[in-house]
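Side chains are part of it too, since the values below use all heavy atoms of this structure and drop only hydrogens, waters and symmetry mates. One-based numbering, in listed order, for ligands and for the atoms of each.
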Amino acid sequence: MNHFKKGLTLVMMIAVLIITGCASETSEASISEQMDYTITGIEPGAGQTELNEQVIEDYDNFEGWSQQTSSTGAMLTELDEAIKNEEPIIVTAWSPHFKFAKYELKYLEDPQKIFGDGEYAGKIARLGFEEDFPIAYQILDRFETDVKTLEQALLRAQEEELEMDVLAEIWYDENKDTLASFTEGLDPVDGKPIEVLTTQWDSELFIAHVQKELLADHGYDVKVTAVDPSILFEAISTGSGDVTFSPWLPNTHGAIYEEYEDQFVDFGVVYEGAKAGLAVPAYMDIDSLEDLEPNTTN
Ligand code: PBE
């Protein structure tokens with residue numbers, strides 16, 4: 001009898017273990033459900049916002065998902081909160097950006113290559129810019145940087161709470177010697193106005209303000225204006241802005257680039273090794289966009 005009771009208890013204990021095991025498996029399986037089948041996006045006008053929509057359309061397992069757009073700031077706040085609570089979240093991500101230094105994040109594999117194979121920041125100018133501003137054109141043509149340099153600068157801005165224009169001023173002063181090669185041998189000019197366009201993301205804002213410092217130091221009167229990617233290409237193509245280093249190519253802004261092709265001058269690369277994608281905190285047990293589940297509740 002005693003033996004029988006013991007056996008029964010054991011069977012019950014095993015049953016409880018199996019049931020709890022199943023339950024935790026169910027909650028594992030519903031990471032997608034916990035995220036409410038929602039991608040935490042950024043500004044509606046971002047190139048990546050379009051790409052996220054394409055992910056939802058092209059990956060079968062994203063059926064029934066939606067993207068929540070707002071702003072980069074709001075996305076970062078939600079990311080921060082999710083990480084504090086160890087909750088699942090999937091966000092619009094790109095490098096260079098300080099979030100990869102601040103948090104342990106991983107890009108999800110993208111077998112369909114919606115986000116391409118790696119990006120570079122391109123240089124485009126309005127038609128006639130080189131003829132009107134030959135010296136500025138040469139300076140900007142020589143200018144180049146790299147992801148590591150940008151990441152260090154952006155992280156510093158985050159730690160010291162610096163706006164991008166202030167960061168650019170400080171950084172320009174500290175790196176004047178290295179930057180001198182971009183202006184070497186070129187005659188200074190006298191107060192000619194140039195409008196540099198940029199998108200509103202930190203890496204691009206920072207570079208635009210470095211351009212401003214560099215050109216202003218050479219005598220130009222530079223104005224920096226931040227706009228959405230579609231306005232950026234339109235303004236350069238119609239000649240209402242002079243030059244920009246903000247296009248992300250060949251993929252992120254590739255469609256807009258093609259739309260305006262031949263209406264601007266493409267004069268090269270600012271930096272290579274940029275990346276765009278969807279990322280999750282490292283504690284999440286998924287590696288690929290294909291690991292998420294469709295929303296079958298509708
Ligand atoms: N970004 C940063 C921008 C370009 C640079 C990747 C968020 C975009 O998606 O348009």
Side-chain angles (χ1 to χ4, degrees), residues 39-56 67-79 89-103 105 107-108 110 113-124 145-151 153-155 157-158 164 167-168 196-211 224-236 241 243-260 264 266 269-280 289:
I39 295 171
T40 305
I42 55 170
E43 289 77 3
Q48 284 191 247
T49 302
E50 295 272 319
L51 298 180
N52 290 349
E53 289 303 326
Q54 216 176 311
V55 165
I56 293 172
Q67 167 173 216
Q68 177 198 317
T69 56
S70 51
S71 67
T72 298
M75 177 277 284
L76 291 168
T77 305
E78 290 201 31
L79 178 64
I89 186 166
I90 175 168
V91 297
T92 293
W94 65 97
S95 322
H97 192 277
F98 72 81
K99 58 187 171 293
F100 285 93
K102 186 168 177 186
Y103 308 109
L105 301 175
Y107 281 107
L108 293 180
D110 168 28
K113 300 243 177 276
I114 307 276
F115 296 102
D117 252 332
E119 297 282 276
Y120 66 88
K123 303 177 176 181
I124 66 169
T145 185
D146 55 67
V147 169
K148 211 176 144 205
T149 306
L150 292 169
E151 275 174 346
L154 296 175
L155 185 61
Q158 165 71 11
M164 290 304 130
L167 173 71
V196 170
L197 297 183
T198 173
T199 53
Q200 60 185 297
W201 294 281
D202 283 357
S203 42
E204 285 62 45
L205 277 173
F206 171 63
I207 290 172
H209 282 281
V210 170
Q211 282 176 279
V224 173
T225 308
V227 293
D228 273 357
S230 59
I231 310 287
L232 185 82
F233 279 87
E234 192 198 295
I236 297 288
V243 62
T244 181
F245 281 3
S246 296
W248 270 46
L249 299 166
N251 198 57
T252 311
H253 301 146
I256 323 176
Y257 182 100
E258 270 168 35
E259 196 183 315
Y260 288 98
F264 54 76
D266 181 333
V269 176
V270 189
Y271 66 94
E272 282 176 290
K275 184 170 168 60
L278 283 161
V280 298
L289 288 172

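Atom CD of Glu272 sits in a sparse spot, with 12 or fewer heavy atoms from other residues, nucleotides or ligands closer than 6.0 Å. Heavy atoms of other residues, nucleotides or ligands lying less than 6.0 angstrom from CD of Glu50 number 12 at most.
Contact of the Leu278 side chain with the Asn52 side chain is registered, since non-hydrogen atoms from C-beta on lie closer than 4.5 Å. With a 4.5 Å cut-off on side-chain heavy atoms, Trp94 and Phe115 do not count as touching.
Listed by chain and number, residues touching ligand 1 at under 4.0 Å (heavy atoms only) are Ile42, Ala46, Gly47, Gln48, Trp94, Trp201, Glu204, Pro229, Trp248, Thr252, His253.
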Atom pairs and distances, donor-acceptor, side-chain atoms in residues 251-258, under 3.5 Å, two or more places apart:
| from | atom 1 | to | atom 2 | distance (Å) |
| --- | --- | --- | --- | --- |
| Asn251 | ND2 | Ile114 | O | 2.9 |
| Thr252 | OG1 | Glu119 | OE1 | 2.6 |
| His253 | ND1 | Trp248 | N | 3.0 |
| Tyr257 | OH | Asp266 | OD2 | 2.5 |

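For Thr149 and Tyr271, the side-chain atoms include no donor-acceptor pair closer than 3.5 Å.
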